[in-house]
> 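Structure in structure tokens, see below.
Every heavy atom of this structure was used, including side-chain atoms; hydrogens, water molecules and symmetry mates were not. Bear in mind the structure is a predicted one, so any value in this text is a computation, not a measurement.
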Amino acid sequence: MNETEVWLEQAIRMARENAANGDGPFAAIVVRNGEIVGTGVNRVGSEHDPTAHAELLAIREACTRLGRTDLSDCTLYASGEPCPMCMGAIYWAKPGAVYYACSKAEAADAAGFPDPLGSFYAEMSGPAEKRTIAVRRHDAQGKLEPFFVWASR
């Protein structure tokens, strides 16, 4: 068994235990130099938090533990295919690689695991004004001031 298989097997085991305990069937592990620096299991139901996805929790723990937001020398292993929200966090954290075991199609086929809009991916790729949830830009005075402050640091 290679390293990727070992970490994915551990993520799957964590996801299975989490589902058995009543929460979502997902888990993620962040590994750096053969050592786990972050783990997470889906806590959406137990924490009543739609952002409590395994990948986000694992990334948060890894970043806190390493004291930085750049995980380019780390690898993220997930039991399931990351959703668009998790992929956003993954892109911000910049891990060197991401491996997942179960695709979203496999999860839907195996257990009817839902994608609330039918496909977040299709929804997000459409124009903002035509999405199910209205997203509109509104001009506001001083909108660039926080960026000027940030840039001047």
> What are the two closest heavy atoms between G40 and A54, and how far apart are they?
O-CB, 3.4 Å
> Any chance you could lay out the side chain to side chain contact (heavy atoms under 4.5 Å, CB included) test for W92 and T69, step after step, and finish with the verdict?
CA-CA 8 Å; W92 280 107; T69 59; over 6 Å; no
> Suppose we screen for side chain to side chain contact (heavy atoms under 4.5 Å, CB included). Which residues come up paired with I90, at least two apart in sequence or across chains?
I59, L76, P82, M87, P95, V98
> Not counting sequence neighbours, list each pair that qualifies as a side-chain hydrogen bond (donor to acceptor under 3.5 Å, both in side chains) and has a residue in residues 21-44.
N18-R43, D23-S46, R32-D73, E35-R65
> Under the side chain to side chain contact (heavy atoms under 4.5 Å, CB included) rule, what do L56 and M85 come out as? Steps first, then yes or no, please.
CA-CA 9 Å; L56 294 181; M85 176 179 66; 3.7 Å; yes
> Suppose the criterion is ring-ring contact (aromatic ring centres under 6.0 Å, His included): which pairs have a residue in residues 131-153, not counting sequence neighbours?
none
> For D109, which residues count as a salt bridge (Lys or Arg N to Asp or Glu O under 4.0 Å) partner, sequence neighbours excluded?
none
> Do any N or O atoms from the side chain of K143 and from the backbone of Q141 form a donor-acceptor pair under 3.5 angstrom?
no
> With sequence neighbours left out, write down each residue that passes side chain to side chain contact (heavy atoms under 4.5 Å, CB included) with N2, or none if nothing qualifies.
T4, E5
> According to the ring-ring contact (aromatic ring centres under 6.0 Å, His included) rule, which pairs have a member within residues 14-65, sequence neighbours left out?
F26-F113
> Suppose we screen for salt bridge (Lys or Arg N to Asp or Glu O under 4.0 Å). Which residues come up paired with R60, at least two apart in sequence or across chains?
none
> Please identify each residue that fulfils side-chain hydrogen bond (donor to acceptor under 3.5 Å, both in side chains) with S72, with sequence neighbours left out.
D70
> Got a donor-acceptor contact below 3.5 angstrom from the S152 side chain to the V149 backbone?
yes
> Quick check: closest heavy atoms across W7 and I29, and the distance to 0.1 Å?
O-CD1, 3.7 Å
> Mind checking ring-ring contact (aromatic ring centres under 6.0 Å, His included) for Y100 and listing every partner two or more places apart, or none if nothing turns up?
none
> Could you work out, with side chain to side chain contact (heavy atoms under 4.5 Å, CB included) as the rule, every residue matching R13, not counting sequence neighbours?
E9, Q10, R16, E17
> Can you name the nearest heavy-atom pair linking V41 to A27, along with the distance?
CG1-CB, 3.9 Å
> Is it possible for you to say whether V30 and L57 belong to one hydrophobic cluster, with membership spreading through side-chain heavy-atom contacts below 4.5 Å?
no
> I need the minimum non-hydrogen distance between A78 and L8, along with the two atoms involved.
O-CD2, 3.5 Å
> Which atoms form the tightest heavy-atom contact between E55 and C86, and what is the distance?
OE1-SG, 3.3 Å
> With T51, which residues qualify under side-chain hydrogen bond (donor to acceptor under 3.5 Å, both in side chains), at least two apart?
D49
> Closest approach of M14 and A28, non-hydrogen atoms and distance?
CE-O, 4.1 Å
> A108: which residues meet the side chain to side chain contact (heavy atoms under 4.5 Å, CB included) condition with it, sequence neighbours left out?
none
